[in-house]
Number of protein chains: 2
Amino acid sequence: MCDNLHIHGLKMPESMDEETRSQLCPVVYAVSKLGGKWKLIVVHNLIDGPLRFGELRRAIPDITQRMLTLTLRELEEDGIVNRHVFEVVPPHVEYSLTEVGQGLESVMSSLGDWGRANFAQKRNAVAQTA
Amino acid sequence: MCDNLHIHGLKMPESMDEETRSQLCPVVYAVSKLGGKWKLIVVHNLIDGPLRFGELRRAIPDITQRMLTLTLRELEEDGIVNRHVFEVVPPHVEYSLTEVGQGLESVMSSLGDWGRANFAQKRNAVAQTA
DNA sequence: AAGTATACTTACAAAAATGTGCCTAAAGCA
DNA sequence: TGCTTTAGGCACATTTTTGTAAGTATACTT
């Protein structure tokens, strides 16, 4: 499953440098980058192509402006999302997945498959018995 | 990507019943079941087979007893983890993935691939330049 | 009789995550 | 002049999550 047994749950404080982090279990590392309430939701919404800040807000009705900003900033820092500012007024900013972010496509799709298979049974049942 | 555009970020309060939930985007649903600091870590550790409570604790050194208990209880409620109590003294309890939980194997492996590819570069680089 | 082992529970405390409300800039348009 | 639009920033408040420390039960061993 993973090279580094027995350290799957280690803390990763700011003080720990990238090199040390990279020696930990990749699953733990991935989880640490994608944790939080909104990160995977935002990535999910960007899979099909770039969206503007406002478009993302409308696509994720329950996210607040603040959380969308924070989430995007963190995804940007981690090299998962690109921020492209058009120097116009009113402002126009587009967010897209980097190559690293695109690499999450199979994660997102298997996550979707799992959700569909295990928790959307009623909807499927209705559709199939019709 | 998903049947239900525009509702990817909806809240899922307790008051919302299973039927309503199942009509939401499967990715959002999956994320809601697997959120939290420890859930995926625990699932990851159970992928290779059942473990006892104490074994899980040792495998995830930074988790507290309390958080392990809480996490396992929630995974159990959601049908992802099985709890098997052996009626002996001292207690012996084994945790394993249900079929639903096993369905997360591809999620875990693509997550691992992504982590390995994007954040463990130094270790790979060292290994490859040697 | 006291200590060991295992899998917890509970009350309380601290920390982290998230939400709210209000404010800004700068150009275009009525 | 003042309203609209877009993408935020900021201070503060609240909620949610996580951690700490202590206690419980019971059979077996020393």
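First the proteins, then the strands, lettered A, B, ... as listed; each starts at 1.
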Legend entry - pair Trp38(A)-Asn45(A): side-chain heavy atoms closer than 4.5 Å: no

Legend entry - Nearest-Å distance for atom pair CG/C1', residues Leu70(A) and dA17(C): 10 Å

Inset, instruction - Return the minimal non-hydrogen interatomic distance between Val85(A) and Arg83(A), and the atom names on each side. - result: CG2-NH1, 3.8 Å

Legend entry - Separation of dG9(D) P from Leu68(A) CG (nearest whole Å): 11 Å

Inset, instruction - Whole angstrom is fine here: how far is it from CE in Met67(A) over to C1' in dT15(D)? - result: 13 Å

Legend entry - Aromatic ring pairing His92(A)/Phe86(A), orientation class (parallel under 30°, perpendicular over 60°, tilted between): perpendicular

Legend entry - Any Thr64(A) side-chain nitrogen or oxygen under 4.0 Å from OP1 or OP2 of dG19(C): yes

Inset, instruction - Can you tell me the distance, in whole Å, between the CG atom of Asp62(B) and the P atom of dG19(D)? - result: 8 Å

Legend entry - Test item: Tyr95(A) and Val81(A) side chains (from C-beta on) under 4.5 Å apart, heavy atoms: yes

Legend entry - Heavy-atom check, side chain of Leu34(B) versus side chain of Leu111(A), under 4.5 Å: yes

Legend entry - Lys37(A) NZ - dT17(D) P separation (whole Å): 8 Å

Legend entry - Distance, rounded to the nearest Å, where Trp38(A) contributes CH2 and dT18(C) contributes C1': 9 Å

Inset, instruction - Treat primed atoms plus P, OP1 and OP2 as sugar-phosphate and everything else as base, then score nucleotides 2-12 of chain C 5' to 3': B for base contact with protein heavy atoms under 4.0 Å, S for sugar-phosphate contact only, - for none. - result: ---BBBBB-B-

Inset, instruction - Determine, using the 4.5 Å side-chain heavy-atom cutoff (strictly less than), whether Val88(B) and Phe53(B) are members of one ILVMFWY cluster. - result: no

